[in-house]
Amino acid sequence: MQQYILALDQGTTSSRAILFDRQGQVHATAQREYPQHFPQPGWVEHDALDIWNSQLACAREVLRQAGVSAEQVTGIGIANQRETTLVWDRASGAPIGRAIVWQDRRTAEACDRLRGEGKAELVQSRTGLELDAYFSATKLQWLLDHVPGARVRAERGELAFGTVDSWLVFKLCGRHVTDASNAARTMLFNIHTMRWDEDLLDLFGIPPSLLPEVVASSGAVGAADEQWFGRRIPIAGIAGDQQAATFGQACHRRGMVKNTYGTGCFMLMHAGERPAVSHNRLLSTVGWKIDGRTDYALEGSVFMGGATVQWLRDGLGIIRQSGEVEALALSVPDSGGVMLVPAFVGLGAPHWDPYARGTIVGMTRGTTAGHIARAAVEAIAYQSAELLAAMQKDADCAVSEVRADGGAARNDMLMQFQADLLKVPVIRPQVTETTALGAAYLAGLALGFWRTQEEIAAQWRVERRFEPQMTSARRDELMARWARAVEHAKSWAVPESA
Ligand SMILES: Nc1ncnc2c1ncn2[C@@H]1O[C@H](COP(=O)(O)OP(=O)(O)O)[C@@H](O)[C@H]1O
Ligand SMILES: O=P(O)(O)OC[C@H](O)CO
């Protein structure tokens with residue numbers, strides 16, 4: 001009987017379930033979008049039950065579609081959108097409110113205040129993170145302070161906090177855990193001691209009883225209850241989606257880099273067995289923890305990647321599907337001097353400006369939808385190029401290639417422009433579902449489905465290599481123009497009272 005690993009990839013805009021075979025090939029896929037809530041400017045929420053229901057539905061659907069029985073599933077691996085913050089009642093399992101999504105900026109002013117009190121250095125030295133609204137700590141603080149009765153109930157030990165991995169594991173098997181890579185994104189976890197940090201819990205006013213137990217990224221944590229798939233299935237891998245993608249891209253050695261072009265763009269470099277230190281406003285984070293060993297990563301996070309193309313579709317209506325953007329962008333020879341800075345939810349690395357807003361500069365009477373589309377696609381590459389530049393300054397190892405994945409990595413024009421800006425080859429693997437694949441590998445390693453990381457790395461295959469072709473002079477000119485455009489976007493939404 002053929003065996004598979006079931007990967008659950010709970011992303012920002014959709015839940016996906018993928019069955020992988022022993023060769024690391026996709027056997028079957030199911031996907032469901034679920035509602036996004038934007039109750040106020042800068043706020044982004046998910047209904048925790050939508051997350052769970054959509055994830056469970058596609059997990060069941062992929063088994064049904066593929067005609068694979070639960071007996072044929074050796075184990076489950078979970079990869080998830082990170083930082084998104086949920087709180088639920090331990091006894092009833094009911095969420096106390098909507099999840100606050102990583103893109104949500106409602107706590108930007110709380111972060112400003114803490115920065116004003118000189119707390120940024122403490123946060124960075126313990127967690128490797130920027131003191132920013134992106135991470136869970138201030139979102140959790142907000143929920144405790146704004147949901148009626150939440151703080152009192154938390155202090156009585158009645159509530160549980162978790163990121164999306166914790167929530168899914170809790171629903172699947174009733175345990176309250178998170179893996180080290182997800183814990184590292186909460187801004188409450190010390191990446192040096194690999195424990196929750198008491199000083200940070202005090203700083204953000206978080207009762208310790210809320211916190212999940214931190215477990216390895218690869219290792220059995222429990223079994224999905226029989227009611228979900230008709231048979232108990234071990235859950236043996238958990239990682240934040242970007243760390244999972246790094247693992248799935250086989251970036252297992254120091255200096256190897258992947259960039260995922262999904263809703264946002266997330267570039268991670270394997271940093272070795274010690275936390276990296278960034279002097280260029282990148283994040284130092286946990287890659288994964290396996291068998292007591294922690295691998296670390298350096299990360300640059302860009303908030304609007306492929307989502308910029310979604311905005312062309314949903315906001316401007318100049319394309320009907322994301323895939324149409326390439327033809328529209330190629331309908332013009334270049335962007336005609338137009339630059340689009342997609343700071344719709346502020347700017348992440350390396351700028352960290354929650355008050356930056358989306359900006360289009362350089363338009364003339366000759367500007368067309370084609371130029372805007374081209375500028376939108378190019379913006380994804382410019383933002384990623386800033387990340388690699390910062391990474392190369394931080395790391396004392398040369399980067400020889402960037403492995404690309406995510407929905408927008410399908411776009412050949414984007415990949416070529418990216419290679420041109422990075423001055424290193426951009427490589428697209430055969431399996432681009434690397435997030436799910438990474439989660440599958442983490443689970444499969446724990447269950448003996450795969451034996452070693454070397455065996456996994458040997459399964460990685462190139463689909464296409466994009467070589468840099470642009471002259472350095474042209475590249476430098478474009479990057480300088482981009483830097484000017486970014487200056488126009490910065491600080492736009494600073495509160496009137498500031
Ligand atoms: N051909 C394309 N060119 C550019 N962007 C694209 C293309 N196809 C899909 N996208 C973008 O890719 C994103 C979806 O990628 P995916 O990896 O599924 O994201 P996520 O996991 O963050 O939900 C969407 O934002 C979509 O607009
Ligand atoms: O949903 P994705 O795949 O865009 O990933 C979201 C990130 O984990 C946010 O940090």
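Below, each value reflects all heavy atoms present in this structure, side chains not excepted, and no hydrogens, waters or symmetry copies. Each ligand, and each atom within it, is numbered from 1 in the order the structure gives. We're numbering straight along the sequence, starting at 1.
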For this session: Of the side chain and backbone of Ala307, name the one, both, or neither that has a heavy atom under 4.0 Å from an atom of ligand 1.
Result: backbone
Exercise. Without hydrogens or angle criteria, can the side chains of Arg82 and Tyr134 be said to hold a donor-acceptor pair below 3.5 Å?
Worked result: yes
For this session: Please write down residue, atom name and distance for the protein heavy atom closest to atom 11 (C) of ligand 1.
Result: Gly306 CA, 3.8 Å
For this session: Indicate whether any N or O donor in one side chain lies under 3.5 Å from an N or O acceptor in the other, for Ser136 and Arg185.
Result: no
Problem set entry | N or O pair under 3.5 Å between Val309 and ligand 1 | no
Exercise. Closer than 4.0 angstrom: is that true for some heavy atom of Ala408 and an atom of ligand 1?
Worked result: yes
Starting from the N and O atoms of ligand 2, collect every protein N/O partner closer than 3.5 Å and put each pair on its own line with the distance to 0.1 Å.
{"from": "ligand 2", "atom 1": "1 (O)", "to": "Thr12", "atom 2": "N", "distance (Å)": "2.8"}
{"from": "ligand 2", "atom 1": "1 (O)", "to": "Thr12", "atom 2": "OG1", "distance (Å)": "2.4"}
{"from": "ligand 2", "atom 1": "3 (O)", "to": "Asp241", "atom 2": "OD2", "distance (Å)": "2.9"}
{"from": "ligand 2", "atom 1": "5 (O)", "to": "Asp241", "atom 2": "OD2", "distance (Å)": "2.7"}
{"from": "ligand 2", "atom 1": "5 (O)", "to": "Gln242", "atom 2": "NE2", "distance (Å)": "3.4"}
{"from": "ligand 2", "atom 1": "8 (O)", "to": "Arg82", "atom 2": "N", "distance (Å)": "3.0"}
{"from": "ligand 2", "atom 1": "8 (O)", "to": "Arg82", "atom 2": "NE", "distance (Å)": "3.0"}
{"from": "ligand 2", "atom 1": "8 (O)", "to": "Asp241", "atom 2": "OD1", "distance (Å)": "2.6"}
{"from": "ligand 2", "atom 1": "8 (O)", "to": "Asp241", "atom 2": "OD2", "distance (Å)": "3.4"}
{"from": "ligand 2", "atom 1": "10 (O)", "to": "Arg82", "atom 2": "NE", "distance (Å)": "3.2"}
{"from": "ligand 2", "atom 1": "10 (O)", "to": "Arg82", "atom 2": "NH2", "distance (Å)": "3.0"}
{"from": "ligand 2", "atom 1": "10 (O)", "to": "Glu83", "atom 2": "OE1", "distance (Å)": "2.6"}
{"from": "ligand 2", "atom 1": "10 (O)", "to": "Glu83", "atom 2": "OE2", "distance (Å)": "3.4"}
{"from": "ligand 2", "atom 1": "10 (O)", "to": "Tyr134", "atom 2": "OH", "distance (Å)": "2.7"}

Exercise. Using heavy atoms and a threshold below 4.0 Å, how should the contact between Gln10 and ligand 1 be classified: side chain, backbone, both, or neither?
Worked result: neither
Seminar exercise, completed: Per-atom filter on ligand 1: closer than 4.0 angstrom to a heavy atom of Gly323 are 1 (N)
Problem set entry | Donor on one side chain, acceptor on other, Thr432 and Asp405, under 3.5 Å | no
For this session: Do me a favour and list the nearest non-hydrogen protein atom to atom 24 (C) of ligand 1 with residue, atom name and distance?
Result: Gln310 NE2, 3.7 Å
For this session: Please examine the side chains of Trp460 and Arg403, heavy atoms only from C-beta on, and report whether any two atoms are closer than 4.5 Å.
Result: yes
For this session: Taking the six-membered ring for Trp and the full ring for Phe, Tyr or His, determine whether the centres of Trp142 and Trp43 are under 6.0 Å apart.
Result: yes
Problem set entry | Distance in Å, Thr263 OG1 paired with Met304 CE, rounded so as to fall on 0.5 Å steps | 9.0 Å
Exercise. Is the distance between the ring centroids of Phe20 and His27 less than 6.0 Å?
Worked result: no
Exercise. With only distance considered, is Glu326 within less than 3.5 Å of ligand 1 through an N or O on each side?
Worked result: no
For this session: List every atom of ligand 1 that sits less than 4.0 Å from any heavy atom of Arg410, numbering the atoms from 1 in the order shown and giving each element.
Result: 8 (N), 9 (C)
Exercise. Would you say Gly406 and ligand 1 have an N/O pair spaced under 3.5 Å apart?
Worked result: no
For this session: Quick one: look up the protein heavy atom nearest atom 17 (O) of ligand 1 and list residue, atom name and how far away it is.
Result: Gly407 N, 2.9 Å
For this session: Using only heavy-atom distances, determine whether the side chains of Trp482 and Glu378 contain a donor-acceptor pair under 3.5 Å.
Result: no
Problem set entry | Protein residue, atom and distance nearest to atom 20 (P) of ligand 1, heavy-atom basis | Thr263 OG1, 3.5 Å
Exercise. Of all the non-hydrogen atoms in the protein, which one sits nearest to atom 26 (C) of ligand 1, and at what distance?
Worked result: Ser322 OG, 3.4 Å
Exercise. If you measure from each non-hydrogen atom of Val325 to ligand 1, which part falls under 4.0 Å: side chain, backbone, both or neither?
Worked result: side chain
For this session: For this output row, return yes or no: ring centroids of His176 and Trp88 closer than 6.0 angstrom.
Result: yes
For this session: Could you tell me the residue and atom name of the protein heavy atom closest to atom 3 (N) of ligand 1, and the distance to it rounded to 0.1 Å?
Result: Asn411 ND2, 3.0 Å
Exercise. Arg16 and side chain to side chain contact (heavy atoms under 4.5 Å, CB included): which partner among Glu433, Gln10, Gln55?
Worked result: Glu433
Problem set entry | Crowding at CD, Gln321 (>12 non-hydrogen neighbours, <6.0 Å) | no
Exercise. Ligand 1 and Thr12, any nitrogen or oxygen pair closer than 3.5 angstrom?
Worked result: no
Exercise. Can you find an N or O of Thr13 that's nearer than 3.5 Å to an N or O of ligand 1?
Worked result: yes
For this session: Give a yes-or-no answer on whether the side chains of Gln416 and Asp412 include a donor-acceptor pair shorter than 3.5 Å.
Result: no
Exercise. So do the side chains of Leu140 and Val87 get within less than 4.5 Å of each other, counting heavy atoms only?
Worked result: yes
Seminar exercise, completed: of all protein heavy atoms, closest to atom 21 (O) of ligand 1 is Arg16 NH2, 3.4 Å
Problem set entry | Donor + acceptor pair across side chains of Asp241, Asn80 (<3.5 Å) | no
